[in-house]
Amino acid sequence: MISLNLHRRHLSESQRAMVAAKLASIERGHFHGNQHVVSANLPIPTLRQGAAADLLNVSERSLRHARTVQASGIPELASAVEQGDISVSAAAAVARLPEPTQQEIVRRTPDEIRTIARDLKTRIHEAGVTGPSAVRIFDRVAQEQKLTGIEQCAVVYAIKADTPDLPTPSEARRIAIAGDPGLMVLASDGRYHTAPGDPEENARFERWLVLREGLEPLGTLPFPPIEAFASIPAYQKQNVTAWLARAVPFLNQLNQLWNQSHA
C-alpha cells in the first residue's frame, strides 16, 4: 500500500529515501500526524534498512544518505530533499558540515533555485546547444548568480526533475521519421538525430555540429592570448604543440574561405 501511494504521488528516489529512512528509524510507537509517538501499548517492530529500501524502491546507499540528512542536517536541508529541491546524496554531503556552514549553503529558497533553473534552461534552449557549450552557459549563470557548489547541484537537480527523459537514439530517429522533413530530435547520447535522407547532407550537418562545438569556445574566451599562454601547464607542452599544429592552419584556411565567400 505504501509503495502504491508513493507511486501515485510521483516521488523521486531522494524523496522516497527520506520516507524509507523514517520507516527504518521507527522502533516502538506510531505516527500521529507528522510526529512519532512512543507507546507501550502499540509496539511496531523496527524495519530493517534493507527492507525499508526495498519497500520504497530505493538503494540502501540512498537510504543511508537520507539517515545522515535526518541525523545531522539542519531542518531546512531535510525539507529541501523532501520537497524534491535537491538530491539526497548532495544533501548528505552538506549534512556532514557544521550547522553554521549548512545555514550559509542553503541560503537560497527552493523557489529561487527553480527560477535560476528555468532561466538556465531558457538560455540553453535559445542558444540551441548541447554538451560543452551548454556547460559553458551553466558556468556563466553560476558565476552571475554566485552559486555555491551545493546550489549548483540543486539547480541541476531542479532541471532534471522538470525535464522529461530524452529518447534513445533509435527512438529519436523514429520520432524524426514521423515528423516534418528536416526535423532534428535530441537523444540521450547528446546528439541530434534526423530521418534517413541524403547521406552527404546528414554528414554535412554532423560536421557543422562538430565545428560549432570547437569554434564557439575559441570565439568566446574571456581572456587574451598572452593570459592563455601563461595558463598552460608545462606538462601539456606536447599536447598544445600538436593541437596548434593542426588548429592554426585549419583556422587560417577556414578564415580565408569564409572571407572569400562573404566579401
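Positions are given from 1 along the sequence. This is a predicted model, so every value here is computed, not measured.
Taking a cutoff of 4.0 Å between a charged side-chain nitrogen and a carboxylate oxygen, E126 and K121 do not qualify as a salt bridge. Under the 4.0 Å criterion applied to side-chain N and carboxylate O atoms, E60 and R67 are not assigned as salt-bridge partners. Remark: E144 engages R123 in a salt bridge, criterion side-chain N to carboxylate O under 4.0 Å.
Between E82 and S14 there is no side-chain heavy-atom pair separated by less than 4.5 Å. Here the side chains of R64 and T68 are not in contact, with every heavy-atom distance at 4.5 Å or above. Put simply, the side chain of Q15 does not reach to within 4.5 Å of the side chain of V19, judged on heavy atoms. Inter-residue side-chain proximity for L23 and L56 is flagged as met; some heavy-atom pair is nearer than 4.5 Å. Contact check for E213 versus W208: no side-chain heavy atoms found under the 4.5 Å cut-off.
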Can you check side chain to side chain donor-acceptor pair (under 3.5 Å) on Q238 and T241, steps first, answer last? CA-CA 5 Å; Q238 185 175 355; T241 299; over 6 Å; no
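A continuous path of Ile, Leu, Val, Met, Phe, Trp and Tyr side chains, each step under 4.5 Å between heavy atoms, connects V248 with I232, placing both in one hydrophobic cluster.
Among residues two or more places apart in sequence or in another chain, the salt bridge (Lys or Arg N to Asp or Glu O under 4.0 Å) test is passed with R246 by none.
For R212, the CZ atom sits in a packed shell: over 12 heavy atoms of surrounding residues, nucleotides or ligands are nearer than 6.0 Å.
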